[in-house]
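Please read the structure below before turning to the comments.
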Amino acid sequence: MDTYELLTRNTDEVVVEDEVRELAQDPDGKRVYVGYEPSGVLHLGHLLTANKLIDLQDAGMEVVVLLADVHAYLNDKGTFEEIRETAERMRAQFLAYGLDEERTEFVYGSDYQLEEDYTLDVHELELSTTLNRAQRAMAEIQSGETAKVSHVVYPLMQALDIEYLDLDLAIGGMDQRKVHMLMREELPAIGYEARPVLHTPIVADLTTGDGKMSSSEGITISMEDSTEELEEKVNSAFCPPTRDPEGDLENPVLELFEYHVFPRFEEVVVERPDEYGGDLTYESYETLATDLESGELHPADAKGALASSLDELIAPGRDVLSEMRA
Ligand code: IYR
């Protein structure tokens with residue numbers, strides 16, 4: 001696969017193409033990051049950005065994972081101590097999921113975000129950014145209905161992280177795009193260079209195909225799920241025989257194949273009894289989606305194969321979690 005294609009596959013947005021094409025010319029040793037507010041257990045949302053990191057490692061880039069403890073604190077996710085404990089568990093789960101330990105640097109936000117230089121730069125951004133802009137950047141991130149002062153400091157710090165971690169590229173879900181747009185404008189305003197960004201899609205809710213899959217509502221698949229729970233959840237998924245259901249709906253089963261399964265497996269085998277045509281083997285998302293649309297592949301069989309592939313992906317993380325709790 002061509003390097004630009006590897007860097008950008010399964011993304012919803014590339015900001016901006018020219019800059020990412022330049023990176024693709026010589027990705028070796030370039031630094032890319034994603035940040036996460038430490039929270040309970042990894043779920044498919046986290047794993048989608050992690051898949052992108054694995055692609056970028058395969059392209060030769062160095063990966064930085066920011067365990068954004070100060071950000072989580074500013075977003076009212078608990079006490080500092082609770083957040084740091086969660087972050088440690090999160091780190092172990094990412095490694096179990098398949099990030100290369102040698103080429104992944106884990107950084108806590110509090111390692112550098114409380115230093116004088118950083119703090120003075122935050123204040124400089126406070127001066128150059130309008131309140132309205134900072135508030136809008138947080139629309140999809142802010143916890144709770146009421147905007148607090150902490151919520152407008154948050155995106156300014158996220159923008160500065162890119163400078164302080166000395167990065168060449170940032171990754172985030174589409175929910176982070178307004179923060180990144182603020183970064184593109186505001187870093188140059190205080191004398192730093194804006195960096196390119198890749199945004200990964202937000203997967204639809206499993207049972208309805210609507211909106212986004214999140215841990216707060218609807219059904220989420222997480223690293224804590226047992227094989228049986230996973231099968232049950234996948235079986236209850238919305239899966240019409242088309243990749244384009246009506247209106248704003250998506251086909252979440254196909255999305256999971258596209259963003260989670262095919263990037264990590266060479267082939268997917270759908271097991272079927274001989275009287276139903278025998279096993280089917282797919283080497284690409286396209287052929288599987290085409291067969292689902294034509295009726296060659298029944299949604300129930302697709303779900304069975306999806307559940308076992310996801311189970312294989314989360315099993316190592318599930319084991320690490322149970323060891324940590326033992
Ligand atoms: N806003 C992210 C967490 C986060 C991401 C990055 I990239 C940072 O530099 C800091 C925080 C979230 O919503 O989880």
Side-chain angles (χ1 to χ4, degrees), residues 11 13 15 31-50 52-53 56 61-78 80 83-84 86-87 90-91 93-94 99 104-115 118-119 121-122 125 129 134-144 147-148 150-184 186-187 192 194-203 212-216 220 222:
T11 58
E13 188 179 36
V15 186
R31 286 164 65 81
V32 57
Y33 98 133
V34 66
Y36 304 97
E37 289 184 20
S39 74
V41 169
L42 295 195
H43 54 69
L44 288 184
H46 297 110
L47 300 184
L48 205 124
T49 41
K52 190 78 259 166
L53 295 177
L56 298 169
M61 295 179 81
E62 301 291 327
V63 163
V64 179
V65 174
L66 173 67
L67 300 167
D69 52 355
V70 179
H71 282 88
Y73 184 71
L74 291 171
N75 206 13
D76 205 15
K77 299 292 173 68
F80 228 85
I83 292 167
R84 287 211 73 150
T86 311
M90 228 175 158
R91 176 181 190 280
Q93 292 169 66
F94 274 118
L99 282 175
T104 309
E105 184 187 337
F106 288 89
V107 182
Y108 283 95
S110 55
D111 289 345
Y112 64 94
Q113 289 164 348
L114 306 170
E115 300 286 329
Y118 186 93
T119 307
D121 274 343
V122 173
L125 280 180
T129 311
Q135 234 177 313
R136 272 189 290 132
M138 290 299 285
E140 294 186 47
I141 299 173
Q142 179 186 315
S143 68
K148 304 283 179 60
S150 65
H151 289 130
V152 291
V153 176
Y154 180 123
L156 308 182
M157 290 176 55
Q158 187 165 338
L160 266 190
D161 289 340
I162 294 179
E163 174 65 28
Y164 275 75
L165 293 170
D166 193 20
L167 300 162
D168 300 292
L169 176 68
I171 306 295
M174 282 297 274
D175 53 344
Q176 307 293 316
R177 74 182 299 280
K178 286 189 176 153
V179 175
H180 288 142
M181 295 307 167
L182 183 155
M183 175 279 291
R184 300 272 308 175
E186 296 298 334
L187 279 188
Y192 296 131
R195 314 296 207 283
V197 188
L198 302 175
H199 290 128
T200 54
I202 303 290
V203 174
K212 76 175 197 182
M213 187 190 264
S214 80
S215 44
S216 47
T220 313
S222 84

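This chain uses plain numbering: 1 for the first residue, then up along the sequence. Atoms within each ligand, like the ligands themselves, are counted from 1 in listed order.
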Check whether the side chains of Tyr36 and Thr49 place a donor and an acceptor atom closer than 3.5 Å, and report yes or no.
yes
Between His151 and Gln135, is there a donor-acceptor pair closer than 3.5 Å when you use the side chain of the first and the backbone of the second?
no
Evaluate Thr104 against Phe94 for side-chain contact (heavy atoms from CB on, under 4.5 Å), listing each step before the verdict.
CA-CA 10 Å; Thr104 309; Phe94 274 118; over 6 Å; no
Rounded at 0.5 Å granularity, tell me how far CD in Glu105 sits from OH in Tyr33.
13.0 Å
Using heavy atoms and a cut-off under 4.0 Å, could you grab the residues that are in contact with ligand 1, chain by chain, numbers ascending?
Tyr33, Gly35, Glu37, Leu66, Ala68, His71, Ile141, Tyr154, Gln158, Asp161, Gln176
Provide the full list of salt bridge (Lys or Arg N to Asp or Glu O under 4.0 Å) pairs with a residue in residues 155-164, sequence neighbours left out, each pair given once.
Glu163-Arg195
Verdict with reasoning, Ser143 to Asp76, per side chain to side chain donor-acceptor pair (under 3.5 Å)
CA-CA 7 Å; Ser143 68; Asp76 205 15; 5.0 Å; no
